[in-house]
A.B. asks: 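Pasting in a structure now, in structure tokens, and then I'll have a few things to ask.
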Amino acid sequence: MGETLIPRLIVHGGAGDWTGFDEDTVLRGVHDAAEAGAAILRAGGSALDAVEAATRILEDHPLFDAGYGSYMNEWGEVEMDAIIADGEHTRFGAVAGVRRVRHAITLARGVLERTDHCFFVGEGADHLATKLGMPIIANVELVSDGELADFRQRHNPDSKPSAHGTGTVGACAYDATGRVAAATSTGGTHDKPKGRVGDSPLFGSGGYADPAGAASATGVGENIMRYFLCKRAVDACGVGLDAATAARSAVTYLNAQIPDPEAGLILISADGRVGAAHTTQAMPIAWLTADGQIHTAMRCTADMQFE
Ligand code: ASP
């Protein structure tokens, strides 16, 4: 039997403004997601199980832009994208433009483990959910009261656009056998054109994992996908940077290419170290430290360590 390692995990609730939100509620949301993932890891479960469980909690939470509570597109529909990535074998499952399931991350996991393919989109992805026996729901069941109110406000010329910015969710984990995994799930950007897909389901951009580490990104997908943000961060771990420095270096690089790219990421390296960085005003995170505690923060500082 191999050595038992100390598991680690980090989750994010989206890079953005987060002005006007109750921080305690937001941090409780990411905390509960981290706790769900940590419980699996403490019981000897896999990194893949942990990131899926943590992401499902955030998909169920109305405050986050994933699953229930996703932003609506310009047609007033929810279209979700998700990826789950397994570092041990450098493989992933992804879905985009999904409309009929509550947990896009679980459908992505189904793609990874129950098909011979990597990526399903639109109607075909929803059809796959049926074939895999997942519950099929009406699209409107994904619309939270808060998003419906915001959507109406955004489309009422007499009212100011909403100052609220919620984001994509994601998780990275390192399990007791040293395997890493990453998950990302999103409703995308608000009022996006129908059919628009961001970085979130793209392997290397919105989520990535290989033997060197695992990463999940958030922010403006059109910026993130041009520079493979997650792969860039994991590659930095692969050449010896610690995870906190690697996360900062990837985000700093993106910032140098695109002014104000509105992006962030979380990262776990192959040695189980954790990192996170963002260019936005906030990015709520929760992480499991080596002593088994869960910590939360609304934003990352330049010298933040995650031990
Ligand atoms: N990255 C997501 C997208 O572009 C949005 C977000 O992270 O807030 O669809």
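Along the sequence shown, residues carry numbers from 1. We count ligands from 1, going down the list as the structure has it; atoms in each ligand are counted the same way.
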A.B. asks: Where do E52 and T106 land on the side-chain hydrogen bond (donor to acceptor under 3.5 Å, both in side chains) test, with the steps shown first?
C.D. replies: CA-CA 7 Å; E52 182 188 356; T106 297; 2.7 Å; yes

A.B. asks: If you count the atoms of ligand 1 from 1 in the order shown, which ones are under 4.0 Å from a heavy atom of D199?
C.D. replies: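 Near D199, the atoms of ligand 1 are 1 (N), 2 (C), 3 (C), 4 (O).
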
A.B. asks: Are D126 and E123 close enough that some pair of their side-chain heavy atoms sits under 4.5 Å apart?
C.D. replies: no

A.B. asks: Under 4.0 Å from ligand 1, counting heavy atoms only, is it the side chain of R196, its backbone, both or neither?
C.D. replies: side chain

A.B. asks: Could you tell me whether some N/O pair between T186 and ligand 1 is separated by less than 3.5 angstrom?
C.D. replies: no

A.B. asks: Quick check on E222 - does any of its heavy atoms sit under 4.0 Å from an atom of ligand 1?
C.D. replies: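 No heavy atom of E222 comes that close to ligand 1.
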
A.B. asks: Tracing side-chain links under 4.5 Å among I, L, V, M, F, W and Y, which residues wind up in one group with Y208?
C.D. replies: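 In the cluster with Y208 are I83, F92, F203, I224, Y227, L229, V234, V251, Y253, L254, I258, L265, L267.
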
A.B. asks: Is D32 paired with R28 through a side-chain N to carboxylate O contact shorter than 4.0 Å?
C.D. replies: yes

A.B. asks: Please assess D191 against H155 for the test side-chain hydrogen bond (donor to acceptor under 3.5 Å, both in side chains), listing each intermediate value before the final yes or no.
C.D. replies: CA-CA 9 Å; D191 303 321; H155 292 264; 2.9 Å; yes

A.B. asks: Is G219 in contact with ligand 1, taking contact as a heavy-atom separation below 4.0 Å?
C.D. replies: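 Yes; G219 lies near enough to ligand 1 that a heavy-atom distance drops under 4.0 Å.
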
A.B. asks: Look only at interatomic distance and state if T168 has a nitrogen or oxygen under 3.5 Å from any nitrogen or oxygen of ligand 1.
C.D. replies: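 For ligand 1, there is an N or O atom that lies under 3.5 Å from one belonging to T168.
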
A.B. asks: Would you say G14 contacts ligand 1, with heavy atoms under 4.0 Å as the rule?
C.D. replies: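 No.
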
A.B. asks: What atoms of ligand 1 come within less than 4.0 Å of a heavy atom belonging to G188?
C.D. replies: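 So the answer, numbered in order with elements, is 9 (O).
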
A.B. asks: Can you run down the ring pair (Phe, Tyr, Trp, His ring centres under 6.0 Å) pairs that involve residues 284-307, sequence neighbours left out, and say none if there aren't any?
C.D. replies: W287-H295, W287-F306

A.B. asks: May I ask you to check whether G221 has an N/O atom sitting below 3.5 Å from an N/O atom of ligand 1?
C.D. replies: yes

A.B. asks: Could you please spell out the steps behind the salt bridge (Lys or Arg N to Asp or Glu O under 4.0 Å) verdict for R102 and D60?
C.D. replies: CA-CA 8 Å; R102 182 152 175 131; D60 279 337; 2.7 Å; yes

A.B. asks: Pull out every atom of ligand 1 sitting under 4.0 Å from any heavy atom of S200, numbered as shown with elements.
C.D. replies: 1 (N), 2 (C)

